[in-house]
A.B. asks: 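Below is one structure. I have some questions about it.
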Amino acid sequence: MYPLLRPLLFKLRPETSHDLVMNTLGLVSKSKQLTSLCAMLVGAKSQSRPAPTQSVQAMGITFPNPVGLAAGLDKQANACNALHKMGFGWLELGTVTPLPQPGNPKPRMFRLPEHQALINRLGFNSVGLTRFVNNLARADPEIIIGINIGKNAATPLNNAIEDYLIGLRGVYAQADYVAINVSSPNTRDLRNLQQHQALNQLLYALNLERQKLTDSTGKHVPLVVKIAPDLDRRQIDGIAAILRRNRIDGVAATNTTLARRSVEQHPLAHEVGGLSGPPLDDAATATVAALYQNLQGEIPIIGIGGIDSAQAALEKFQAGAKLVQIYTGFIYQGPRLIKAVLDALAPAAGK
Ligand SMILES: Cc1cc2nc3c(=O)[nH]c(=O)nc-3n(C[C@H](O)[C@H](O)[C@H](O)COP(=O)(O)O)c2cc1C
């Protein structure tokens with residue numbers, strides 16, 4: 001069904017079709033029957049009960065399968081039940097900011113179909129924590145949920161830690177893990193938080209807060225740091241050392257790229273923002289490989305960026321990823337991509 005729907009959706013502007021689909025999936029998510037019907041219509045029904053061999057243990061969590069939805073598709077936590085039925089092993093929601101904010105002016109999302117790629121400069125359009133948490137209360141509690149937190153655009157960078165602490169406290173009760181986004185290219189200077197001292201201070205503060213939350217709730221929520229693909233080896237090694245020192249539970253690599261080498265002839269290549277999809281694949285896989293060489297499995301890696309086939313997913317695992325996530329490939333191919341990856345992994349997953 002998705003191959004039939006896609007040409008219609010691609011006639012609309014990218015963000016219009018995104019909003020239309022997400023609003024529909026949001027309505028569908030309110031009813032169990034509609035959720036199952038929708039999954040059947042898009043051809044995802046057969047994946048809703050994954051084989052036990054596909055489950056993966058990481059960060060103290062049992063992921064029903066190793067293919068997750070990457071952050072940014074469901075920023076409002078509105079469509080969890082329907083998205084989960086598409087076959088994802090888990091969902092990473094957000095990025096959510098403490099206060100609601102509109103993000104950057106439109107247009108701010110662009111398709112590069114020749115490359116099966118997207119450029120976006122959404123800039124954390126967010127419903128804010130209160131509404132996000134209310135929406136998430138409607139999700140099936142069995143779904144494994146990562147929640148990706150960020151800072152408001154109006155918060156100066158030197159007060160950023162406070163925004164992340166508010167985010168951590170706000171989502172703690174509902175999260176299976178919390179992802180700390182220091183790698184979106186669309187919030188001014190956010191990526192500076194990947195620099196040595198800034199990252200160390202941020203993670204130190206989040207760890208202290210997590211300890212307090214663990215003590216008061218009895219629940220220990222793993223912390224994951226999401227990094228950019230535009231880092232050199234020295235920077236990656238520096239980040240790995242800080243993750244170790246702060247006993248961070250996982251690392252997600254990568255966010256979108258500012259590089260345009262692989263699409264430089266495209267008429268939309270000049271659009272400001274983060275590029276995702278296959279043109280990002282090599283840089284993302286190289287980042288995963290560099291992290292793995294350093295971390296040697298000590299901290300699990302979520303491999304993200306340009307996965308558009310089972311082979312591309314296998315390459316992320318071969319580079320050292322324990323889990324993978326998909327965003328742009330899902331926009332271009334729909335749920336059949338998840339199924340293709342899971343079918344190819346069936347004998348190997350979970351090892
Ligand atoms: C339109 C769009 C919005 C995104 N928003 C977020 C976000 O809010 N937070 C985040 O951590 N990553 C965000 N991402 C990055 C994705 O989670 C992912 O890291 C990146 O797109 C690479 O994966 P892909 O090539 O499979 O899309 C966004 C990506 C796209 C295309």
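Both counts, for ligands and for their atoms, begin at 1 and track the order of listing.
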A.B. asks: What is the minimum heavy-atom distance between Leu342 and Pro66, and which atoms define it?
C.D. replies: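 Residues Leu342 and Pro66, closest heavy atoms: CD2-CD, 4.0 Å.
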A.B. asks: When you measure from atom 12 (N) of ligand 1 to every protein heavy atom, which one gives the shortest distance, and what is it?
C.D. replies: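 Atom 12 (N) of ligand 1 sits closest to the protein heavy atom Lys226 NZ, 3.1 Å.
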A.B. asks: If we ignore hydrogens and angles and just use 3.5 Å, is the side chain of Thr35 paired with the main-chain N or O of Val28 as donor and acceptor?
C.D. replies: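 It does hold such a pair.
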A.B. asks: Would you check if the side chain of Arg260 reaches a backbone N or O of Glu271 as a donor-acceptor pair within less than 3.5 Å?
C.D. replies: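 Pair found, side chain donor or acceptor close to backbone of Glu271.
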A.B. asks: Closest heavy-atom contact between Leu73 and Tyr327?
C.D. replies: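 Scanning both residues, the minimum pair turns out to be N-CE1, 3.3 Å.
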A.B. asks: Hydrophobic cluster membership, with links at side-chain heavy-atom distances under 4.5 Å among I/L/V/M/F/W/Y: are Phe124 and Val96 in one?
C.D. replies: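 Same cluster: Phe124 reaches Val96 through Ile, Leu, Val, Met, Phe, Trp or Tyr contacts under 4.5 Å.
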A.B. asks: Could you check which of Ile326, Ile304, Asp74 puts a non-hydrogen atom nearest to atom 18 (C) of ligand 1?
C.D. replies: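 That would be Ile304.
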A.B. asks: Side chain of Asn104, backbone of Arg121: donor and acceptor closer than 3.5 Å?
C.D. replies: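 Yes, Asn104 side chain to Arg121 backbone: donor-acceptor pair under 3.5 Å.
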A.B. asks: Can you report which non-hydrogen protein atom sits closest to atom 14 (N) of ligand 1, along with the distance?
C.D. replies: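 The closest one turns out to be Ala71 O, 3.4 Å.
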A.B. asks: Give the residue, atom name and distance (to 0.1 Å) of the protein heavy atom nearest atom 7 (C) of ligand 1.
C.D. replies: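 Among all protein heavy atoms, the one nearest atom 7 (C) of ligand 1 is Thr95 OG1, 3.4 Å.
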A.B. asks: Measure up the Phe10 and Tyr332 rings against each other and bin them: parallel (under 30°), tilted (30 to 60°), perpendicular (over 60°).
C.D. replies: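 Because their plane-to-plane angle is over 60°, the rings of Phe10 and Tyr332 count as perpendicular.
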A.B. asks: Tell me the nearest of Asn255, Asn148, Thr328 to atom 27 (O) of ligand 1, using heavy-atom distances.
C.D. replies: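 The nearest heavy atom belongs to Thr328.
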A.B. asks: Between Arg210 and Asp249, does any side-chain N to carboxylate O distance fall below 4.0 Å?
C.D. replies: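 Salt bridge: yes.
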A.B. asks: What are the atoms of ligand 1, with element, lying closer than 4.0 Å to any heavy atom of Ala70?
C.D. replies: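 Every atom of ligand 1 under 4.0 Å from some heavy atom of Ala70: 17 (O).
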A.B. asks: Are Leu136 and Cys80 close enough that some pair of their side-chain heavy atoms sits under 4.5 Å apart?
C.D. replies: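 Sidechains of Cys80 and Leu136: in contact.
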A.B. asks: Going by the atom numbers of ligand 1, which of them fall below 4.0 Å from some non-hydrogen atom of Gly72?
C.D. replies: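 That gives atoms 4 (C), 5 (N), 6 (C), 7 (C), 8 (O) of ligand 1.
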A.B. asks: Mark up the atoms of ligand 1 that fall under 4.0 Å of a heavy atom belonging to Gly306, in ascending order.
C.D. replies: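 That gives atoms 24 (P), 25 (O), 26 (O) of ligand 1.
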A.B. asks: Quick one: look up the protein heavy atom nearest atom 31 (C) of ligand 1 and list residue, atom name and how far away it is.
C.D. replies: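 That would be Ser276 OG, 3.4 Å.
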A.B. asks: Any non-hydrogen atom of Thr254 lying under 4.0 Å from ligand 1?
C.D. replies: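 A heavy atom of Thr254 does come that close to ligand 1.
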A.B. asks: Run the numbers for me: atoms of ligand 1, each under 4.0 Å from some heavy atom of Asn181, listed by number.
C.D. replies: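 Near Asn181, the atoms of ligand 1 are 9 (N), 10 (C), 11 (O).
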A.B. asks: Looking at Gly277, which atoms of ligand 1 are within less than 4.0 Å of one of its heavy atoms?
C.D. replies: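 Close to Gly277: 25 (O).
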A.B. asks: For atom 30 (C) of ligand 1, what is the closest protein heavy atom, and at what distance to 0.1 Å?
C.D. replies: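 The closest one turns out to be Asn120 ND2, 3.3 Å.
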A.B. asks: Could you go through Lys226 and Ile304, starting from their C-alpha distance and side-chain angles, then the distance that decides it, and tell me whether this counts as side-chain contact (heavy atoms from CB on, under 4.5 Å)?
C.D. replies: CA-CA 10 Å; Lys226 184 163 177 181; Ile304 325 160; 4.0 Å; yes
A.B. asks: Quick one: OH on Tyr292 to CD on Gln318, what's the gap to the nearest 0.5 Å?
C.D. replies: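 It comes to 12.5 Å.
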A.B. asks: Looking only at protein heavy atoms, identify the closest one to atom 1 (C) of ligand 1 and say how far it is in Å.
C.D. replies: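 Minimum-distance protein heavy atom for atom 1 (C) of ligand 1 reads Tyr327 OH, 3.3 Å.
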A.B. asks: Yes or no: does Gly305 have any heavy atom under 4.0 Å from an atom of ligand 1?
C.D. replies: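 Flag set, Gly305 near ligand 1.
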A.B. asks: Tell me the protein heavy atom at minimum distance from atom 22 (C) of ligand 1, and give that distance in Å.
C.D. replies: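 Result for atom 22 (C) of ligand 1: Leu280 CD2, 3.6 Å.
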A.B. asks: Which atoms from ligand 1 have a heavy atom of Leu122 less than 4.0 Å away?
C.D. replies: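 Under 4.0 Å from Leu122, ligand 1 has these atoms: 1 (C), 3 (C).
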A.B. asks: Using a 4.0 Å cutoff against the non-hydrogen atoms of Leu118, which atoms of ligand 1 qualify?
C.D. replies: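 Ligand 1 atoms under the 4.0 Å threshold to Leu118: 31 (C).
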A.B. asks: In the protein, what heavy atom is nearest to atom 8 (O) of ligand 1, and what distance, to one decimal place, separates them?
C.D. replies: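 Atom 8 (O) of ligand 1 sits closest to the protein heavy atom Lys75 NZ, 2.8 Å.
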A.B. asks: Please say whether Thr256 places an N or O atom under 3.5 Å from an N or O atom belonging to ligand 1.
C.D. replies: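 No; the residue has no nitrogen or oxygen that sits under 3.5 Å from a nitrogen or oxygen of the ligand.
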A.B. asks: Side-chain contact test, heavy atoms from C-beta onward, threshold under 4.5 Å: evaluate it for Arg108 versus Asn125 and give yes or no.
C.D. replies: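 Of all side-chain heavy-atom pairs linking Asn125 with Arg108, at least one is under 4.5 Å.
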